[in-house]
Colleague: 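To start, I am sharing the structure in question, which I have written as structure tokens.
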Amino acid sequence: AQKVTQAQTEISVVEKEDVTLDCVYETRDTTYYLFWYKQPPSGELVFLIRRNSFDEQNEISGRYSWNFQKSTSSFNFTITASQVVDSAVYFCALSDTSGYSTLTFGKGTMLLVSP
Amino acid sequence: DGGITQSPKYLFRKEGQNVTLSCEQNLNHDAMYWYRQDPGQGLRLIYYSQIVNDFQKGDIAEGYSVSREKKESFPLTVTSAQKNPTAFYLCASRWRSSHNEQFFGPGTRLTVL
């Protein structure tokens, strides 16, 4: 069975601080995909990134960066110079390799950025 | 505009009544999914469908039913057999051809009184 653990339930930072959201996963598959989604107060999930298990390169997109470490089964997400608009719940998810590609989600981390 | 629509945004029902949540997409996606979200919880998979007239149970299918008569539509019925139906329901879709990300609708918040 697949499992995703986001141990941080809630994180509070002040604007301009850097913050890292942790994600640890479990799977028996050798090929799999990892995702991060953002859920603002409006409720709709917004896709941020997809990473396949063969690509361990870190990725940077503006103020966002992701660190994928297969050795520790982690896929952490860092926001640099956080802004109030980053306040949201962030979910890490793991996809199976069947044709259905269902997602297993972590419980999410609520990020609160105060001015 | 292409996207996924869910209506209504808020829905109230009396206990014991069945209710159907709508999900429509015009992205030409093959696969569609229904998730349930409870406060402080992640999303849990209810049902999913790869193609028209085919669907599979997810992790928490008891008390729910779906249909997939058209590619664009994947309605979810919450039956009276669902013990605790009050929750936020999210519909998603994706192209079937690869492990692409799922795109989500705005969700429906169902409250059973």
Side-chain angles (χ1 to χ4, degrees), chain A residues 1-10 21 23-25 27 29-55 59 61 66 75 88-111, chain B residues 3-11 21 23 25 27 29-51 54-61 68 74 87-110:
Chain A
Q2 299 190 312
K3 185 178 179 182
V4 175
T5 301
Q6 293 181 257
Q8 303 151 310
T9 305
E10 185 173 320
L21 310 181
C23 173
V24 174
Y25 62 91
T27 179
D29 295 334
T30 54
T31 302
Y32 49 88
Y33 292 79
L34 294 160
F35 303 80
W36 275 95
Y37 283 88
K38 174 182 180 180
Q39 186 179 40
S42 61
E44 183 172 341
L45 265 71
V46 177
F47 166 76
L48 296 177
I49 190 172
R50 177 188 65 173
R51 174 68 60 191
N52 75 53
S53 53
F54 294 112
D55 183 1
E59 181 154 343
S61 176
W66 291 269
F75 186 42
V89 180
Y90 291 86
F91 290 98
C92 180
L94 172 65
S95 172
D96 66 25
T97 53
S98 72
Y100 294 104
S101 291
T102 60
L103 291 176
T104 299
F105 283 85
K107 292 188 176 183
T109 297
M110 178 178 287
L111 175 64
Chain B
I4 303 173
T5 57
Q6 292 184 245
S7 60
K9 180 71 173 175
Y10 299 94
L11 191 54
L21 279 58
C23 178
Q25 55 95 3
L27 300 167
H29 285 172
D30 306 290
M32 297 186 74
Y33 306 80
W34 273 106
Y35 294 90
R36 169 183 172 136
Q37 184 179 17
D38 294 284
Q41 300 294 315
L43 280 67
R44 293 182 290 168
L45 183 64
I46 306 172
Y47 267 99
Y48 54 103
S49 169
Q50 191 87 320
I51 56 174
D54 175 71
F55 46 83
Q56 307 294 324
K57 291 183 179 180
D59 301 320
I60 56 166
R68 187 86 187 276
F74 191 40
F88 187 52
Y89 292 87
L90 285 155
C91 177
S93 67
R94 70 168 185 93
W95 282 287
R96 190 180 62 175
S97 58
S98 69
H99 295 278
N100 288 323
E101 62 274 14
Q102 294 180 17
F103 293 85
F104 283 80
T108 292
R109 191 167 299 278
L110 172 65

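Residue numbering restarts at 1 for every chain, and letters A, B, ... go by the order of the sequence lines.
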Colleague: Which region of B/Asp54, side chain (C-beta onward) or backbone (N, CA, C, O), has a non-hydrogen atom less than 4.5 Å from a non-hydrogen atom of chain A, or is it both or neither?
Modeller: side chain
Colleague: With A/Arg51, which residues qualify under salt bridge (Lys or Arg N to Asp or Glu O under 4.0 Å), at least two apart?
Modeller: A/Asp55, A/Glu59
Colleague: Between A/Phe47 and B/Arg94, does a side chain to side chain contact (heavy atoms under 4.5 Å, CB included) hold up when you go through it step by step?
Modeller: CA-CA 12 Å; A/Phe47 166 76; B/Arg94 70 168 185 93; over 6 Å; no
Colleague: Side chain from CB out, backbone as N, CA, C, O: work out which of these in B/Gln37 comes under 4.5 Å of a heavy atom of chain A, or both, or neither.
Modeller: side chain
Colleague: B/Leu43 versus chain A, heavy atoms under 4.5 Å apart: side chain, backbone, both or neither?
Modeller: both
Colleague: Is the number of heavy atoms from other residues, nucleotides or ligands under 6.0 Å of A/Lys38 NZ greater than 12?
Modeller: yes
Colleague: A/Glu10 versus chain B, heavy atoms under 4.5 Å apart: side chain, backbone, both or neither?
Modeller: neither
Colleague: Please determine, among B/Lys9, B/Arg109, B/Gln6, B/Gln41, the option with the most heavy-atom pairs under 4.5 Å with chain A.
Modeller: B/Gln41
Colleague: Please evaluate residues A/Tyr37 and B/Glu101 with respect to the criterion side chain to side chain contact (heavy atoms under 4.5 Å, CB included), reporting the C-alpha separation (whole Å), side-chain torsions for both, the decisive distance (0.1 Å), and the verdict.
Modeller: CA-CA 10 Å; A/Tyr37 283 88; B/Glu101 62 274 14; 3.8 Å; yes
Colleague: Identify which part of A/Leu103 has an atom lying under 4.5 Å from any heavy atom of chain B, answering side chain, backbone, both or neither.
Modeller: both
